[in-house]
Amino acid sequence: MDVNQYLDMFIEESKEHLQACSEQLLALENNPDDLAIVNEIFRAAHTLKGMSATMGYEDIADLTHKMENVLDAIRNSKISVSTEILDVVFEAVDDLELMVQDIEAGGDGKKDVSKLVETLNRIEAGQPLDLEAEPAATTEEAPLEVITSTGIHYDEFELTVISQSAEQGFNALEIIVTLREDCLLKVARVFMTFEILEKSGEVIKTVPTVEQLENEEFDQKFTIVLLTHEDAEELKSKVMKVSEIEDVQITLITDEYVQKYKQSILDESEAAPAAVEIPAASAAKTEKNQETSQSAPKAKKAAASNSNKTIRVNIDRLDILMNLFEELVIDRGRLQSIASELHNPELNESVERMTRVSGDLQNIILNMRMVPVETVFNRFPKMVRQLARDLNKKIDLEIIGAETELDRTVIDEIGDPLVHLIRNALDHGIESPEERIAKGKPEVGTVTLRAYHSGNHVFIELEDDGAGVNRERVVGKAIERGIVSEEAAESLTNKQVAELILASGFSTAASITDVSGRGVGLDVVKNTIESLGGHISIDSTEGKGSLFQVQLPLTLSIISVMLVELDKEIYAIPLSSIIETAIIQKSDILNAHNQPVIDFRGTIVPLVDLKEIFEMKNKSAEDEEFQSIVIVRKGDSLAGLVVDSFIGQQEIVLKSLGDYLQSVFAISGATILGNGQVALIVDCNALIK
Amino acid sequence: MTKAVELSDMKVIVFQLMNKEYAIGLDAVESIEKSLSITRVPRMPSYVKGVLNLRGVVTPVVDLRERFDMEYKEFDETSCIIIVSHGDSEVGLIVDDANDVMDVPSSAIGPQPEVVGSVESEFISGVAKVGKRLLVMLNLEKVLQPIKKGNSDEF
């Protein structure tokens, strides 16, 4: 089977299932007795196992299988949930994530997980993980696979299906089909047999797997396990009608097997470890691929409940739609101007209608690109749990507003900066439990991750009730690193001091810890956020905690800009950087160190001549009485951009300049204006030192 | 299989620069545009004329004459822009004229003549002789090396 065409889907879905596993595992940790949660995890793992086996990623399938076994043991109350066990299962999920990521990056998804598999085996067998293992877990565990007289292994899941369907009056039949030795088209015969059997009931298992059958990887015999109401003899005669079949043997999987299996649970404490392990291990080998899409009614039910009425659309297609739509908007502009010239009422009316409809369309297209920030947030609980354990801290993570929506392009970029901020808050913010008790704070630190809309922006806030920013230490460090001068440091507000930790080359960690000190400072976070057209600020009270606030544009693809004219060329300045526009008299321009500056409400603001920056032939006329300037900011620094004239505010669609022009100084992108012309977008961040 | 491909003809677009004929493989060409309004991009090498709006996609435009250090010529009625695909995106090339699509048998393509010194020689992948016409085959890879901040030799 050519699996490449399914690869994207596989990766996407695997990620979803793994995410579900992580979420439910966290839930399970809080409610160890809730078997419904275990079932959820089991389902996700089971689907993942089936998918990866079909796709040929054996390592993932193997590891998931082992994980499944452990979950199964939990589900059947053979072992009880403990932090140690969950740690191992989390580790397995982590490894699975890494493997999926590897596949996504073009790798083969292989990873040495033997140690982990061994640990999972030990858990499954109920052997102690360490000295503290609970007494309940030390009892020996029963075999998960039961072998019938025909030599087929069933795992517990399949047995459950069988026993449940028996309750509904279905018979489970093992049908062993033997093909004639001279059979030429074995696959065709298999197919025909399936055709017949699937009409009579539900195939829950085949040996060898469907995959292998399709690839003709079997000799003369294959076995199908069927749930059916029909009579065995009747089925036999039906199957025998397929030519080139030598023999059909049908065995009923009786209650006996199921009982035997049930008994094995009761007997678990008496079972000998060695006798248990061997069949389980050998079964695992032959069983690798046994779960296929038609595995069980139960799995189907799960799939049904997962499906909601959405479709997955490639973001590229949305981009194309957006581009086409812009074309439409440009033409709409032309139509509007033609209509206003012609003064034809009918034309005016239809142009107006078209304007309204296309406006609605624009909203819909933009909304289609919106994704709840949840997709980023939901990986944090697990991360915080792990970090808290690594750092020996007690931390509660509270997530508010996960349903807040953001443009997909922003969502893709915002994950890493947030990870960094959370690591920072956990490592530097929250104190150790002892310290907290000594300070009279609750032992458990609280970190709140909050997202909300406000105007044209989305705010993401990370608040902790930790130690806050230590002014002296930060100022000391900043002076040492040459980020601020001693005199300047004196006059800084607390907020400004806190924001010093975002400066490049700044790291307050006394020693490099494993968690946040990876040689990457928060300046990287700041840069990423600013490259998204966003802004980050910090409020911190020493001893009380810190609040990191990230402000992001709702969407990257459409921004508000101020269009300005420079020597007949039109440039766009993002509104998010603009503080205000002003027209100043020439006499207001002062000179400081050969740098023209103005006094803007008490602040000295350097003037930047855009014409000079953009190498225009005509320099700004020095003798003009008035000059138009746009005051822009980058963080706390301001600059005044000198332009010829203002055109006005407009919503524009952001476009990249493409691969060929990889970096243009002070230009962050381009847009297409109503008349079809391209205008460049000024990157204010590059203009302010 | 590969042999058959080698022996088959190569379809090229023929264009003129300073009365010489050049060729680009047809598979690299997306379209040929007549004058579109180009927006200048500041601080670029002079051969980068700017960007234009190609059906909603912002596309850089390079003047091939200037890229090859030839005499500058205003965009006139025969001038046109050949849009070629470059990696994932597209780039426009301004040429004097483009009016011919022809088949070049692969046997007709020879290595570039051993003349050193002219700027264009590094942008050429070979020379094809078709009847009496001599076509200079363009090496697009070289012509369209991305412009980064680091490419200081361009400034």
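Since we're looking at a predicted model, the values are computed, not measured. In what follows, every chain begins at residue 1, and chains take the letters A, B, ... in the order their sequences are listed.
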Residue B/V91 versus chain A: region with a heavy atom under 4.5 Å: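 Looking at B/V91, just its side chain touches chain A.
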Is B/L52 close to chain A through its backbone or its side chain, or both, or neither, when contacts mean heavy atoms under 4.5 Å? backbone
[X] atom [atom1]: more than 12 heavy-atom contacts under 6.0 Å:
X	atom1	value
B/K73	NZ	yes
B/K34	NZ	yes
A/Q595	CD	yes
B/N19	CG	no

Criterion side-chain contact (heavy atoms from CB on, under 4.5 Å) on A/Y660 and B/Q145, from CA distance to verdict: CA-CA 7 Å; A/Y660 180 61; B/Q145 288 226 323; 5.9 Å; no
Heavy atoms, side chains only, cut-off 4.5 Å: are A/Q677 and B/N53 in contact?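 The answer is no, as the side chains (C-beta and beyond) never meet within the 4.5 Å cut-off.
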With a 4.5 Å limit on heavy-atom distance, are the side chains of A/L661 and B/M44 in contact?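 Answer yes - side chains close enough.
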Determine whether B/I38 and A/V678 satisfy the following criterion, side-chain contact (heavy atoms from CB on, under 4.5 Å), listing intermediate values before the conclusion. CA-CA 8 Å; B/I38 296 174; A/V678 179; over 6 Å; no
Could you go through B/T39 and A/E569, starting from their C-alpha distance and side-chain angles, then the distance that decides it, and tell me whether this counts as side-chain contact (heavy atoms from CB on, under 4.5 Å)? CA-CA 8 Å; B/T39 300; A/E569 291 180 18; 5.9 Å; no
Testing the basics here: between [X] and [Y], what is the closest heavy-atom pair and its distance to 0.1 Å?
X	Y	value
A/V664	B/P42	CG1-O, 3.6 Å
B/V41	A/L680	CA-CD1, 3.8 Å
B/R43	A/I613	NE-O, 2.9 Å
A/Y571	B/R40	OH-NH2, 3.9 Å

